Amino acid sequence: MGFLTGKTAIITGGGRSVLKDGRCGSIGYGIATAYAKEGTNLVITGRNVQKLEDAKEELERLYGIQVLAVQADVSAGADNEAVVENVVKQAVEKFGRIDVLINNAQASASGVTLADHTTDQFNLALYSGLYATFYYMKACYPYLKETEGSVINFASGAGLFGNYGQCAYAAAKEGVRGLTRVAATEWGKDNINVNIICPLAWTVQLEKFEQAYPEAFKQNVKMPPAGHYGDAEKEIGRVCVQLASPDFKYMSGETITLEGGMGQRP
């Protein structure tokens, strides 16, 4: 039994993705795996139904937890509040509680320069990342207040350092970072722990980015001093588990930068 047995975590962008060597190939699936190993029941969302079903099957089979997979896409032109409220409603109906909200999902047209970015591409990043985080935090707040739970959001070095070809992605992630700090200030009185992580993990998406935009990749993605990129489960996922631990919590609102398995609080 893990120390989060019986708790419920919502993880956006949690569909199954695997690298060629068998390791978790996305941050969301890495987080889901780390939480499953601690006995947490999961609500995973994403756009790809097959990836969600694959994740549900594997996580339930390997770790004996329950997984609710809900197709959900926050995007321009959709009734996004209704989309998110449906996820939260199903989570509470099935598990009766929400202890952890992890806003991981993010889509973007990385590699496209600011001058060439279209409004649709800009909206893709803002809605899937910033707006989704906003709607999920609002919808989950009453339940997190009841459980004195945790919110873990994701930003990026793209916003911190102004990465080439990532204007919309950087804008969305900086918005998420600001939103997180405000929530940490406002929700501290409710004993809701709110943190943000700026990770650098080797993922299937990063592989695709390197192949599609090699020049942008060279300019933006540097090998960390530790000599390897972060592992989506063992490093990123375990930090997320730690942030929800009842025995150990960072000060709410701090940024955790993960590079090559090295965590620090700047």
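Model, not experiment: these values are computed from the prediction.
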Under 3.5 Å, sequence neighbours excluded: what are the donor-acceptor pairs made by side chains of residues 23-36?
from, atom 1, to, atom 2, distance (Å)
R23, NE, D21, OD1, 3.4
R23, NE, D21, OD2, 2.8
R23, NH1, D231, OD2, 3.3
R23, NH2, D21, OD2, 3.2
S26, OG, Y29, N, 3.2
Y29, OH, E58, OE2, 2.6
T33, OG1, Y29, O, 2.9
Y35, OH, C240, O, 2.6

Contacts of type salt bridge (Lys or Arg N to Asp or Glu O under 4.0 Å), residue [X], not counting sequence neighbours:
| X | value |
| --- | --- |
| K51 | none |
| R47 | none |
| K89 | E93 |

More than 12 non-hydrogen atoms from neighbouring residues, nucleotides or ligands closer than 6.0 Å to OH on Y131, yes or no?
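Atom OH in Y131 is not packed in, count stays at 12 or less.
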So for atom CG, which belongs to L114, do other residues, nucleotides or ligands contribute more than 12 heavy atoms lying within a distance under 6.0 Å?
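No - once you tally the heavy atoms of other residues, nucleotides and ligands closer than 6.0 Å, there are 12 at most.
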Step by step, would you call F154 with V176 a side-chain contact (heavy atoms from CB on, under 4.5 Å)?
CA-CA 7 Å; F154 277 80; V176 170; over 6 Å; no
Pairwise distance [atom1]([X]) to [atom2]([Y]) - rounded to 0.5 angstrom:
| X | Y | atom1 | atom2 | value |
| --- | --- | --- | --- | --- |
| R238 | L243 | CZ | CG | 11.5 Å |
| D116 | T113 | CG | OG1 | 3.5 Å |
| K173 | L160 | NZ | CG | 11.5 Å |
| N193 | I152 | CG | CD1 | 8.0 Å |
| K145 | Y143 | NZ | OH | 13.5 Å |

In the structure I gave you, are the side-chain heavy atoms of [X] and [Y] within less than 4.5 Å of one another anywhere?
| X | Y | answer |
| --- | --- | --- |
| V83 | N86 | no |
| L42 | I11 | yes |
| V88 | I98 | yes |
| T12 | Y136 | yes |
| I236 | P199 | yes |
| I197 | V239 | yes |
| D54 | L52 | no |
| F3 | V241 | yes |

Between K56 and E53, does a salt bridge (Lys or Arg N to Asp or Glu O under 4.0 Å) hold up when you go through it step by step?
CA-CA 5 Å; K56 173 181 170 66; E53 290 301 322; over 6 Å; no
Hey, does the side chain of [X] reach the backbone of [Y] with a donor-acceptor pair shorter than 3.5 angstrom?
| X | Y | value |
| --- | --- | --- |
| H117 | V112 | yes |
| E174 | A171 | no |
| D99 | T8 | yes |
| N104 | G13 | yes |
| E60 | V67 | yes |

Treat each ILVMFWY residue as a node, draw an edge where side-chain heavy atoms are under 4.5 Å apart, and state whether [X] and [Y] are in one component.
| X | Y | result |
| --- | --- | --- |
| L68 | V84 | yes |
| F134 | V74 | yes |
| Y135 | M137 | yes |

Minimum heavy-atom separation for [X] to [Y], with atom names?
| X | Y | answer |
| --- | --- | --- |
| G14 | A55 | O-CB, 3.8 Å |
| A155 | C198 | CB-SG, 3.7 Å |
| L144 | S150 | CD2-O, 3.9 Å |

Verify side-chain contact (heavy atoms from CB on, under 4.5 Å) between E38 and T5, making sure each step is shown before the conclusion.
CA-CA 6 Å; E38 294 299 336; T5 297; over 6 Å; no
Side chain to side chain donor-acceptor pair (under 3.5 Å) pairs touching residues 152-164, sequence neighbours excluded, are N103-N153, N153-T180, N163-Q166
Can you spot which of K7, K94, R97, Q66 makes a side chain to side chain contact (heavy atoms under 4.5 Å, CB included) with N41?
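The single option meeting the side chain to side chain contact (heavy atoms under 4.5 Å, CB included) with N41 is Q66.
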Is E57 salt-bridged to R16, going by a charged N under 4.0 Å from an acidic O?
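The answer is no: the pair does not qualify as a salt bridge.
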Salt bridge check, E85 against K138: does any charged N sit closer than 4.0 Å to a carboxylate O?
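Here K138 does not pair with E85 in a salt bridge, since their nearest N and O are not under 4.0 Å apart.
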Residue pair Q71, T45: steps toward the side-chain contact (heavy atoms from CB on, under 4.5 Å) verdict
CA-CA 6 Å; Q71 196 278 336; T45 74; over 6 Å; no
Just jot down the ring pair (Phe, Tyr, Trp, His ring centres under 6.0 Å) partners of F95, sequence neighbours excluded, or say none.
none
Report the C-alpha distance between V100 and T40 in whole Å, list the side-chain angles of each, state the deciding distance to 0.1 Å, and finish with yes or no for side-chain contact (heavy atoms from CB on, under 4.5 Å).
CA-CA 10 Å; V100 185; T40 318; 5.9 Å; no
Y141 versus D190, side-chain donor and acceptor atoms under 3.5 Å
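Note: D190 and Y141 side chains meet the donor-acceptor criterion.
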